[in-house]
Amino acid sequence: MILDTGSSLSWLQCQPCIVYCHAQADPLYDPSVSKTYKKLSCASVECSRLKAATLNNPLCEKDSNACLYTASYGDTSFSIGYLSQDLLTLTSSQTLPQFTYGCGQDNQGLFGRAAGIIGLARDKLSMLAQLSTKYGHSFSYCLPTANSGSSGGGFLSIGSISPTSYKFTPMLTDSKNPSLYFLRLTAITVSGRPLGLAAAMYRVPTLIDSGTVITRLPMSMYAALRQAFVKIMSTKYAKAPAFSILDTCFKGSLKSISAVPEIKMIFQGGADLTLRAPSILIEADKGITCLAFAGSSGTNQMAIIGNRQQQTYNIAYDVSTSRIGFAPGSCH
């Protein structure tokens with residue numbers, strides 16, 4: 001499953017895949033062999049909550065009166081299926097009866113080989129909200145680097161956070177997207193030097209999203225970052241052509257480009273993400289390595305902190321006290 005702090009409804013691909021299921025790493029879930037499975041009706045309270053959770057109106061299947069959800073994402077991927085309930089088993093001793101989720105019958109887009117999505121945003125239908133009465137309204141995770149293999153696996157932890165190791169920043173709410181996690185970015189430095197932007201330039205809504213790969217910055221902020229980064233990098237590495245949304249590229253593999261200036265993203269209250277090469281660069285193509293940041297398109301004055309930049313940090317979401325914590329820990 002994909003852990004997604006940028007959406008609330010959890011869903012997975014379900015037999016009989018009436019329209020389409022992509023190839024996934026694990027066997028397909030078959031609700032017909034689960035004694036505890038049930039489809040929710042159009043009159044259920046959960047069905048009426050779908051609009052808030054997915055921003056899409058529920059549909060009603062005429063003959064069966066079953067509630068249909070549509071989960072759609074910024075990259076045009078989507079899943080459509082039956083809003084359902086079943087027993088959720090987290091570990092052999094930790095279970096949640098009547099967990100509400102989507103049983104996907106038409107799933108299309110960029111989900112890789114994942115069976116579906118675990119929704120960790122703040123809406124009532126999210127997995128977090130459903131588990132919160134039992135474990136408390138907080139969670140933390142650490143995303144490993146892509147090349148860490150089996151040695152440095154990441155983790156997801158639901159429930160209380162030990163605050164000692166974290167530096168916290170306030171968790172903010174955006175009225176247009178009340179279920180998502182926003183914070184205040186106050187500065188970006190390259191090799192210890194601030195970008196030289198006025199404080200007001202940083203006052204844009206900043207979203208932290210485990211389901212986005214590349215960090216997006218408003219164009220003016222991105223241009224300043226690119227300029228400072230290229231100034232240092234171009235003395236050692238040859239520039240390469242842009243690759244898709246990545247326009248700051250160099251010749252060489254990720255392994256061969258070792259001297260990379262540190263980038264620091266600093267948040268309100270002093271918490272920060274201090275980034276080194278694996279969280280700054282991405283190998284876009286064989287022998288072409290690019291800055292893993294991009295400018296927000298068009299008039300979208302918003303920043304999104306993606307998962308490439310979150311790697312190896314323990315990140316805590318304490319919803320009950322409205323704060324987000326960062327601790328460098330390489331997933332320990």
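Salt-bridge formation is detected for the pair D247/R226: a Lys NZ or Arg NE/NH1/NH2 atom is positioned less than 4.0 Å from an Asp or Glu carboxylate oxygen. Look at K38 and D86 and you find no salt bridge, because none of the NZ, NE, NH1 or NH2 atoms lies under 4.0 Å from a carboxylate O.
For the residue pair S126 / D123, no side-chain donor-acceptor distance below 3.5 Å is found, with atom types taken as modelled. Looking only at atom types and distance, the side chain of T173 has a donor-acceptor partner in the side chain of R122 under 3.5 Å away. Side chain to side chain, Y101 and Q130 fail the donor-acceptor criterion of an N or O pair below 3.5 Å. Using a 3.5 Å distance cut-off with no hydrogens or angles, the side chains of S138 and D318 do not pair a donor with an acceptor. Between the side chains of S191 and R193, no donor N or O sits under 3.5 Å from an acceptor N or O. Side chain to side chain, T169 and Q268 fail the donor-acceptor criterion of an N or O pair below 3.5 Å. Q94 and T91 are not linked by any side-chain donor-acceptor pair at a separation below 3.5 angstrom, with hydrogens and angles left out of the test. S165 and N314 form no side-chain donor-acceptor contact under 3.5 Å, judged by distance and modelled atom types alone. With hydrogens and angles left out, the side-chain atoms of T215 and Q309 include a donor and acceptor closer than 3.5 Å.
Looking at heavy atoms from C-beta onward, P241 lies out of side-chain contact with F243 at the 4.5 angstrom threshold. Proximity of L197 to M221: side-chain heavy atoms (C-beta onward) are separated by under 4.5 Å at one or more points. Using a 4.5 Å heavy-atom threshold, the side chains of V230 and T248 count as touching. Two residues are said to be in side-chain contact when any heavy atoms from C-beta on lie closer than 4.5 Å; I188 and I263 meet this criterion. The shortest side-chain heavy-atom distance between N57 and L50 does not fall under the 4.5 Å cut-off. Residues N56 and S72 form a side-chain contact, since some pair of their non-hydrogen atoms from C-beta on lies under 4.5 Å apart. A 4.5 Å side-chain heavy-atom check between R49 and V45 finds at least one atom pair inside the cut-off. Looking at Y313 and T274, their side chains come closer than 4.5 Å, going by heavy atoms from C-beta outward.
Cysteine sulfur proximity is satisfied for C142 and C331, their SG distance being under 2.5 angstrom. Here the two cysteines C14 and C103 have their SG atoms closer than 2.5 angstrom. For the cysteines C249 and C290, the sulfur (SG) atoms lie within a distance shorter than 2.5 angstrom of each other.
Looking at T186, its side chain does come within 3.5 Å of a backbone N or O of I266 through a donor-acceptor pair. Side chain of Q310 to main chain of I305: a donor-acceptor pair is present (N/O by atom type, distance under 3.5 Å, no hydrogens or angles). Between the side chain of R276 and the backbone N or O of P261, no donor-acceptor pair lies under 3.5 Å. Side-chain atoms of T206 do not come within 3.5 Å of backbone N or O of A303 as any donor-acceptor pair.
Residue L180 comes nearest to L207 through the heavy atom pair CB-CD1, 3.6 Å, listed as atom of the first residue, atom of the second, then distance. Closest approach of Q24 to P27, counting heavy atoms only: NE2-O, 3.0 Å. The two atoms that bring F139 and I161 nearest to each other are O-CD1, 3.7 Å, heavy atoms only. The two residues F250 and I257 make their nearest non-hydrogen contact at CB-CD1, 4.0 Å.
Relative ring orientation between F168 and Y166 is described as tilted, the plane-to-plane angle lying within the 30° to 60° band.
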- prompt: For L246 and L291, what are the C-alpha separation, side-chain angles and deciding distance, and is it a side-chain contact (heavy atoms from CB on, under 4.5 Å)?
  reply: CA-CA 7 Å; L246 306 170; L291 176 64; over 6 Å; no
task: Step by step, work out the disulfide bond (SG atoms under 2.5 Å apart) result for C42 and C67.
output: CA-CA 4 Å; C42 305; C67 176; 5.7 Å; no
task: May I have the step-by-step check of side-chain contact (heavy atoms from CB on, under 4.5 Å) for Y181 and M171, ending in yes or no?
output: CA-CA 6 Å; Y181 301 106; M171 177 188 292; 3.7 Å; yes
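For W11 and F111, the distance between ring centers is under 6.0 angstrom. Residues Y317 and Y141 place their aromatic rings such that the two centres sit under 6.0 Å apart.
No more than 12 heavy atoms of other residues, nucleotides or ligands shown are found within 6.0 angstrom of NZ on K251. Within a 6.0 Å sphere centred on CD of E61, heavy atoms belonging to other residues, nucleotides or ligands number more than 12.
Stacking of K39 on the aromatic ring of Y82 is recorded, both the 6.0 Å distance cut-off and the 45° axial limit being met.
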